[in-house]
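Notes follow once the structure below has been shown.
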Amino acid sequence: MNEKPPYRVAAGADVAESASIGAGSSIWHLAQVREDARIGEDCVIGRGAYIGSGVRLGAGCKVQNYALVYEPASLAEGVFIGPAVVLTNDHFPRAVNPDLSPKSAHDWEPVGVTIEQGASIGARAVCVAPVRIGAWSLVAAGATVTKDVPPHALVAGVPAKRIAWVGRAGEPLEPASDGTDSWVCPTTGEWYVPDETTGGLALAQDATTTSPDSPDPEEAAR
């Protein structure tokens, strides 16, 4: 008797035999998961979504309906991809060569989008490879990302620009009341400080560079 796999593949989904699907994950109707893709545990691939060959998804990712994740994209744990998002993979897209001969797989070099832990990409946003979307950042719906996004940045527009900072809960951060360059999440009380390494923010207790005047995050949350 065939043993039931520890994940769900809905009727009509197309999953390559060489793809790896983690336990607890769900692949919904009309989704396509290409050869050698690696999907972590507890992921959700929505209706009509496309996961390209060799794409990597960490545990707990959600790819909503009709999103296109082209190879060689790499998504860390807990990444959210909204409906109809596109992660591109070609610097200079052409259907044909200069002599009008059809381009083959050997006529161009795919470049991928990298998305770090906990980041979210809003509905119908486009991320133009190669860009890196920093941890816990948020790309607004309909944005077009052409440059790297630092951790905890909220970017919007075409081309996307930073308009605010966000915390791990997704809420916009507020300036700290103590006059330092720290930021505070109004929902969780977490404190964030500038991270010189990434150009973004970091959770105060994890930061490599902190202001000596920054309060202890545990004390601030009380």
### Query
Does the pair L87 and I115 meet the rule for a side-chain contact (heavy atoms from CB on, under 4.5 Å), with working shown?
CA-CA 10 Å; L87 306 185; I115 305 181; 4.0 Å; yes
### Summary
Connected to V96, directly or through other members, by ILVMFWY side-chain contacts below 4.5 Å are L100
### Message
If I compare all heavy atoms of V113 with all of C127, which pair ends up nearest, and what's the gap?
### Response
CG2-O, 3.6 Å
### Task
Work out which heavy atom in A11 is nearest to a heavy atom in H29; give both atom names and the distance.
O-ND1, 3.0 Å
### Task
Provide the closest heavy-atom pair for V145 versus A160 in the form atom of the first, atom of the second, distance.
CG2-CB, 4.0 Å
### Task
Check whether more than 12 heavy atoms from other residues, nucleotides or ligands sit under 6.0 Å from atom CZ of R162, and answer yes or no.
yes
### Task
Quick one: closest heavy-atom pair of W28 and A13, and the distance?
O-CB, 3.5 Å
### Summary
Contacts satisfying ring pair (Phe, Tyr, Trp, His ring centres under 6.0 Å) that involve residues 53-74 (not counting sequence neighbours) are Y50-Y70
### Query
Do any N or O atoms from the side chain of T88 and from the backbone of A129 form a donor-acceptor pair under 3.5 angstrom?
yes
#### Entry: Closest contact, heavy atoms only, I45 versus A31
CG2-CB, 4.0 Å
### Basic-acidic side-chain contact under 4.0 Å: R168, E190
yes
### Task
Check for a donor-acceptor pair, side chain of S18 on one end and backbone N or O of D36 on the other, with a separation under 3.5 Å.
yes
### Sidechain-backbone polar pair: N97 side chain, D99 backbone, donor-acceptor under 3.5 Å
no
### Query
Are L173 and L201 side-chain neighbours, meaning at least one heavy-atom pair lies under 4.5 Å?
yes
### Sequence neighbours excluded - side chain to side chain donor-acceptor pair (under 3.5 Å) pairs with any residue from residues 136-149
none
### Worked verdict on W191 versus D178 for side-chain contact (heavy atoms from CB on, under 4.5 Å)
CA-CA 12 Å; W191 283 68; D178 63 350; 4.0 Å; yes
### Message
Main chain of R47, side chain of N65: is a donor-acceptor contact present, judged purely on distance under 3.5 Å?
### Response
yes
### Straight-line distance of F80 CZ to Q64 CD, nearest 0.5 Å
4.0 Å
### Query
How far apart are the closest heavy atoms of L75 and C61, and which atoms are they?
CB-SG, 4.3 Å
### Summary
d(E171 CD, T188 OG1) to nearest 0.5 Å is 9.0 Å
### Query
Under 3.5 Å, is there a donor-acceptor pair between the side chain of E116 and the main chain of A135?
yes
### Task
Indicate yes or no for a side-chain donor-acceptor contact from S25 to the backbone of C43 under 3.5 Å, with no hydrogens or angles considered.
yes
